[in-house]
Amino acid sequence: MLENIKKIGVLTSGGDAPGMNAAIRAVTRSCAYYDIECIGIYRGFQGLIEGEFEVLTARSVRNVINKGGTFLKSARSQEFRTKEGRAKAFEKLQEVGIDALVVIGGDGTFTGAIHLQQEHNIPIVGIPGTIDNDINGTDYTIGYDTALNTVVDAIDKIRDTASSHDRLFLVEVMGRDAGDIALNSGIGAGAEEILIPEEDMGIDRMMESLMKSRKSGKTSSIIVVAEGEKSGKNIFELAEFIGENLTGYDIRVSVLGHMQRGGAPSCYDRVLASKLGVGAVEAILRGESGVMVGITNKIVTSVDFEVAIKGRRPLDKELRRVLNITTV
Ligand SMILES: Nc1ncnc2c1ncn2[C@@H]1O[C@H](COP(=O)(O)OP(=O)(O)O)[C@@H](O)[C@H]1O
Ligand SMILES: O=P(O)(O)OC[C@H]1O[C@](O)(COP(=O)(O)O)[C@@H](O)[C@@H]1O
Ligand SMILES: [Mg+2]
């Protein structure tokens, strides 16, 4: 165990995700357990640049495990994207004597951390916190499970109207360039079709599938559309296209938006956040840096930031097969 680590800073950055509070709590309490001072940094990298710090004790994080969002707040900092911004951030770290940093966020956060570490040589360990599940080296990111449940719940409600009015609903979900939320919530909510960024199956195929559904006796349908899907049409244009080319459909669009990022974290996300919070502090104490702690087959492992942010994981082909069979 490294003896020279006396003070660890923790921040949340990028899009907030349910379970971030549970991760901050686990980091704070791990610090208390190992007798290290924990410094909470507000508003992500922007708060780091501006020196918005507060000492966190084990009691500072009471009653947060069940709360959505992040009590440390988050930000998308333009200033941190510049060398000058990162130099300011490092100065602030030195001023208060922070020896190592835990950053909770997504691919952007880890990219920023790589730059800070390379330019100023400070130990940094990451925790994957984003609803998008778009990080390599972890089976799941914190917040993804809760977001899936939120989306399924919303689509269940939309289904009531779809079915009562014999309507076709197009439902847009988040995920940036990843289709994980769309594919999994779509299957979980019994969607007819799912459009994701990882494969462009063409609008023609979707139209064929809708016609087939109607012939088979289906009177209402739900299509889940990932925000980053690649048909070249936005969800409203897609709805218009379907309306123009398939008569007799009463079509509605529902964009779920930021409600997908809110709400109390699921038990899965709380446990995942707790494991990764402990894992991050222990990784720092083992002398690791430039890594993210993730979960693979229930085991907490470390992967280089470069690996975590590299490219996209391949599409889960089995899920596509399951969708095809279960929507017959
Ligand atoms: N290329 C980069 N260089 C430096 N900092 C970056 C870079 N990309 C992202 N960041 C920092 O990380 C923050 C979070 O990234 P963002 O993409 O917004 O969210 P997430 O971490 O959830 O993917 C950004 O607001 C920015 O301050
Ligand atoms: O909250 P904003 O700035 O509108 O950004 C929306 C984006 O943030 C997300 O909700 C989460 O993405 P990040 O975790 O990368 O921040 C995406 O799904 C979505 O594309
Ligand atoms: Mg991201």
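Only this structure's heavy atoms are used, side chains among them; waters, hydrogens and symmetry mates stay out. The shown structure was predicted, so the numbers you read here are calculated from the model rather than taken from an experiment. Just follow the structure's listing: the first ligand is 1, and inside any ligand the first atom is 1.
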Short list, please: which atoms of ligand 1 are under 4.0 Å from a heavy atom of [X]?
| X | result |
| --- | --- |
| Gly106 | 20 (P), 21 (O), 22 (O), 23 (O) |
| Arg76 | 16 (P), 18 (O), 19 (O), 25 (O) |
| Phe80 | 4 (C), 5 (N), 27 (O) |
| Gly15 | 22 (O) |

Please report which non-hydrogen protein atom sits nearest to [atom], along with the residue it belongs to and the distance in Å to one decimal place.
| atom | answer |
| --- | --- |
| atom 13 (P) of ligand 2 | Arg176 NH2, 3.7 Å |
| atom 12 (O) of ligand 2 | Asp132 OD2, 3.0 Å |
| atom 9 (C) of ligand 1 | Gly108 O, 3.1 Å |
| atom 14 (O) of ligand 2 | Thr130 OG1, 2.6 Å |
| atom 9 (C) of ligand 2 | Arg261 NH1, 3.4 Å |
| atom 1 (N) of ligand 1 | Thr111 CG2, 3.4 Å |
| atom 7 (C) of ligand 1 | Arg81 NH1, 3.6 Å |
| atom 5 (N) of ligand 1 | Gly112 CA, 3.4 Å |
| atom 19 (C) of ligand 2 | Glu227 OE2, 3.3 Å |
| atom 23 (O) of ligand 1 | Asp107 OD1, 2.6 Å |
| atom 4 (O) of ligand 2 | His258 NE2, 3.0 Å |
| atom 13 (C) of ligand 1 | Ser13 OG, 3.6 Å |

Between [X] and [Y] (side chain of the first, backbone of the second, donor and acceptor by atom type, cut-off under 3.5 Å), is there such a pair?
| X | Y | answer |
| --- | --- | --- |
| Glu198 | Gly179 | yes |
| Asp269 | Thr146 | yes |
| Arg25 | Ser274 | no |
| Arg76 | Gly14 | no |

Open item on the list: Under 4.0 Å between a side-chain nitrogen and a carboxylate oxygen: does that hold for Arg321 and Glu318?
Closed with: yes
Taking side chain as C-beta onward, heavy atoms only, is [X] less than 4.5 Å from [Y]?
| X | Y | value |
| --- | --- | --- |
| Met174 | His258 | yes |
| Phe53 | Lys92 | yes |
| Glu282 | Arg286 | yes |
| Thr161 | Phe169 | yes |

[X] touching ligand 2 at heavy-atom level, < 4.0 angstrom:
| X | value |
| --- | --- |
| Gly106 | no |
| Gln260 | no |
| Gly175 | yes |

TODO: Can you spot which of Asp134, Thr138, Asn184 makes a side chain to side chain donor-acceptor pair (under 3.5 Å) with Tyr144?
DONE: Asn184
- [ ] Let me know which of Glu54, Lys73, Glu52 forms a side chain to side chain donor-acceptor pair (under 3.5 Å) with Tyr42.
- [x]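 Only one of Glu54, Lys73, Glu52 forms a side chain to side chain donor-acceptor pair (under 3.5 Å) with Tyr42, namely Glu54.
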Task: Atom NZ of Lys310 with >12 non-hydrogen neighbours under 6.0 angstrom - done: no
Task: Exceeds 12 heavy-atom contacts within 6.0 angstrom, atom CG of Asp35 - done: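 Result for CG/Asp35: open.
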Can you confirm, on distance only, whether ligand 1 has an N/O atom lying under 3.5 Å from any N/O atom belonging to [X]?
| X | result |
| --- | --- |
| Gln78 | no |
| Gly129 | no |
| Gly14 | no |
| Ser77 | yes |
| Thr109 | yes |

- [ ] Go through Thr57 and Ser60 one step at a time and tell me if the side-chain hydrogen bond (donor to acceptor under 3.5 Å, both in side chains) criterion holds.
- [x] CA-CA 5 Å; Thr57 68; Ser60 315; 3.1 Å; yes
Task: Among the N, O or S atoms of Asp107, the one nearest the Mg ion (ligand 3) - done: OD1
Open item on the list: Quick check: closest heavy atoms across Gly112 and Phe80, and the distance to 0.1 Å?
Closed with: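 What the structure gives for the nearest pair is O-CE2, 3.5 Å.
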Task: Sole residue of Thr141, Ile295, Ile127, Asp145 in side chain to side chain contact (heavy atoms under 4.5 Å, CB included) with Leu272 - done: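 Option passing the side chain to side chain contact (heavy atoms under 4.5 Å, CB included) with Leu272: Ile295.
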Any nitrogen or oxygen of [X], side chain or backbone, less than 3.5 Å from one on ligand 2?
| X | value |
| --- | --- |
| Arg76 | yes |
| Gly15 | yes |
| Met174 | no |

Open item on the list: Heavy-atom pairs closer than 4.0 Å: do any link ligand 1 to the side chain of His115, the backbone, both, or neither?
Closed with: side chain
Open item on the list: Parallel, tilted or perpendicular: which one describes the rings of His120 and Phe90, with boundaries at 30° and 60°?
Closed with: parallel
Open item on the list: With respect to the Mg ion (ligand 3), please indicate if Asp132 possesses an N, O or S atom at a distance under 2.8 Å.
Closed with: no
Open item on the list: Is Arg86 close enough to touch ligand 1? Criterion: a residue heavy atom under 4.0 Å from a ligand atom.
Closed with: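 Yes; Arg86 lies near enough to ligand 1 that a heavy-atom distance drops under 4.0 Å.
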Open item on the list: If the contact criterion is a heavy-atom separation under 4.0 Å, does Thr130 count as touching ligand 1?
Closed with: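 The answer is no, since Thr130 has no heavy atom less than 4.0 Å from ligand 1.
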